[in-house]
*Asks:* 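Just dropping this structure here.
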2 protein chains.
Amino acid sequence: MTRRFETTEIYEDLRVKLTTAHFAPGAKLKPSDLEPLYGRSVNTLREVLFRLSTVGLVRFEDQRGFRAQPSDPQRQHDLTSFRITLEQVGAAQSMRNGGLDWEARLTAAHYKLSHIENRIAKSCDISDVVVPWCTAEWEFHETLVSASDSPLLRSTFQSIYDQFRQQLVTKSRNYGYFPRNVEEHARIVECALAGDAGALQQAIHDHLSRNLLGTQPAGLSSAI
Amino acid sequence: MTRRFETTEIYEDLRVKLTTAHFAPGAKLKPSDLEPLYGRSVNTLREVLFRLSTVGLVRFEDQRGFRAQPSDPQRQHDLTSFRITLEQVGAAQSMRNGGLDWEARLTAAHYKLSHIENRIAKSCDISDVVVPWCTAEWEFHETLVSASDSPLLRSTFQSIYDQFRQQLVTKSRNYGYFPRNVEEHARIVECALAGDAGALQQAIHDHLSRNLLGTQPAGLSSAI
DNA sequence: AAATGCAATAATTTCAAAATTTTTAATATT
DNA sequence: AATATTAAAAATTTTGAAATTATTGCATTT
């Protein structure tokens, strides 16, 4: 017999599943299917799904219920473009406001991320460290914008980052890992610590631009 | 006996009320209080409130329910700052992408808005035209960013604009109307039609900066 | 007067079932 | 084989009540 999950546990479990390709893009999320898994009624599950829709991980339509967000090149372009905008603004504000503390936190976050990414580079296999890598990736980018004095920008950035990752994290795409990440992350930190605003903007753009439409050379994909 | 409203009607009615100071900032939104008004059960009303929380007009807390967003100087600063960012980026993208069609639509929107604002200036009384003025104000700013190719940026802008207006629209603040609006809106259009990106960014900033902390001269308030 | 404890009340969350709407499958017709 | 119709099944939404949790008010103690 299924145990009963608390609604906060259900939320977190679904959030993780929605950002790790557990559901196919556009998949129906039927409360009646989730009921046996979580031991709660369809109404309670609807409420959880509504909460997930507040951060954009789920799409709701009147009389048709809930779906995982669809995945298509236009949406990915849009998410990438908007993420670049938010990250550039947040990083610029952080660089102005953050001081030594921010630089230290960014250095630490990058140290952790690069350690994992170098290990991946050596073993040529991400599957054993997907979860710590995803965590370190988020922490790095989150720290980059953390000294922005705009809570709204930071929370919107988190939502867009999650949706971006939701698009990218599939087995067929090596979970969004890409060998050039190592040098691109290093470049971002270099520019940030040098206080070079223009170069930082460019480094952020260069890091993400492979996910924009119209920029990929023929024959290349996001992950090999 | 109260008639029963459709959930979409309830959503729209509450959305309008939340952006026209019908509820005090931070006011509890108890489904049991709304039940007699809309003739629906508390569960249905909870669902509507969750939908309103997806666009940031309502704040939800576990075990404590729903509230109108609070109002304080920091939050208003944050909303203003983020709105400036989104509007500047959206306007820049629109100027690049929009062509004559966009310029025509912006001109038309401005014509309508300035007509109403000039009438307000003459009568010195906004109360009779609050609703058409609010509509025209939204349409003007929405058109400004409408040729952005980022649906995410546009939908986020709408949400932030609504929350911004939610903060600003109070009787004590003349519904957010300010006499310099007339010239500031004109300036925005002038810069947009001139294709002057830098000046457009500045004009947008100048239009909204009175709502930022630390910029108001002593003794001045947002609305007189 | 202030602090504490606790019962009562209020509010929120969850439920199983009913009502409503959409989707699917079967059948008939062309 | 394709299309249209319709009934059945499936899915979603809504309900009123029960269960759970938070808040309030009152009594007692210091």
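Every chain is numbered from 1 and lettered A, B, ... according to where its sequence line falls, protein lines coming before strand lines. All heavy atoms count here, side chains included; hydrogens, waters and symmetry mates do not.
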*Asks:* Taking ring-ring contact (aromatic ring centres under 6.0 Å, His included) as the definition, give me every residue that meets it alongside B/Trp102, ordered by chain and number, with sequence neighbours left out.
*Replies:* none
*Asks:* Does OP1 or OP2 of D/dA19 have a side-chain N or O of A/Arg40 closer than 4.0 Å?
*Replies:* no
*Asks:* Quickly work out the B/Glu6 CD to D/dT15 P distance and round it to whole Å.
*Replies:* 10 Å
*Asks:* Can you tell me how far P of C/dA16 sits from CG of A/Leu45, to the nearest Å?
*Replies:* 11 Å
*Asks:* Using the side chain to side chain donor-acceptor pair (under 3.5 Å) criterion, which residues pair with B/Asp13? Sequence neighbours excluded.
*Replies:* B/Lys17, B/Tyr38
*Asks:* N/O contacts under 3.5 Å, protein versus nucleotides 9-12 of chain D?
*Replies:*
residue: D/dA11; atom: OP1; partner: A/Lys30; partner atom: NZ; Å: 2.1
residue: D/dA11; atom: OP2; partner: A/Lys30; partner atom: NZ; Å: 3.4
residue: D/dT12; atom: OP1; partner: A/Lys28; partner atom: NZ; Å: 2.4

*Asks:* Specify the separation, in whole Å, of atom CD1 of A/Ile10 and atom C1' of C/dC15.
*Replies:* 13 Å
*Asks:* Would you mind listing every ring pair (Phe, Tyr, Trp, His ring centres under 6.0 Å) that reaches into residues 40-85 of chain B, with sequence neighbours excluded?
*Replies:* B/Phe50-B/Phe60, B/Phe50-B/Phe66, B/Phe60-B/Phe66
*Asks:* In chain order, what residues pass the side chain to side chain contact (heavy atoms under 4.5 Å, CB included) check against B/Gln88, with sequence neighbours excluded?
*Replies:* B/Ile84, B/Gln201, B/Ile204, B/His205
*Asks:* With a 3.5 Å cut-off and heavy atoms only, can you find an N or O donor on one side and an acceptor on the other between the side chain of A/Asn43 and the base of D/dT15?
*Replies:* yes
*Asks:* What I'd like to find out is whether the side chain of B/Leu18 reaches to under 4.5 Å of the side chain of B/Leu29, using heavy atoms alone.
*Replies:* yes
*Asks:* Heavy atoms only, 4.0 Å cut-off, all strands: where does A/Thr44 land among base, sugar-phosphate and nothing?
*Replies:* sugar-phosphate
*Asks:* C/dT12 P sits how many Å from B/Arg59 CZ, rounded?
*Replies:* 16 Å
*Asks:* Whole angstroms only, please: what is the CZ-P distance between B/Arg51 and D/dT14?
*Replies:* 7 Å
*Asks:* With salt bridge (Lys or Arg N to Asp or Glu O under 4.0 Å) as the rule and sequence neighbours excluded, what pairs involving residues 145-168 of chain A come up?
*Replies:* A/Arg15-A/Asp162
*Asks:* Parallel, tilted or perpendicular, judged at 30° and 60°: which one describes the rings of B/His115 and B/Tyr111?
*Replies:* parallel
*Asks:* Quick one: ring-ring contact (aromatic ring centres under 6.0 Å, His included) partners of B/Phe140, sequence neighbours excluded?
*Replies:* B/His110, B/His185
*Asks:* Based on Watson-Crick and G-U pairs with both distances under 3.5 Å, what dot-bracket line describes DNA chain C 5' to 3', crossing pairs as [ ] and inter-strand pairs as |?
*Replies:* ||||||||||||||||||||||||||||||
*Asks:* Rounded to the Å, how far apart are A/Glu47 CD and D/dT15 C1'?
*Replies:* 14 Å
*Asks:* Quick one: side chain to side chain donor-acceptor pair (under 3.5 Å) partners of A/Gln167, sequence neighbours excluded?
*Replies:* A/Ser71
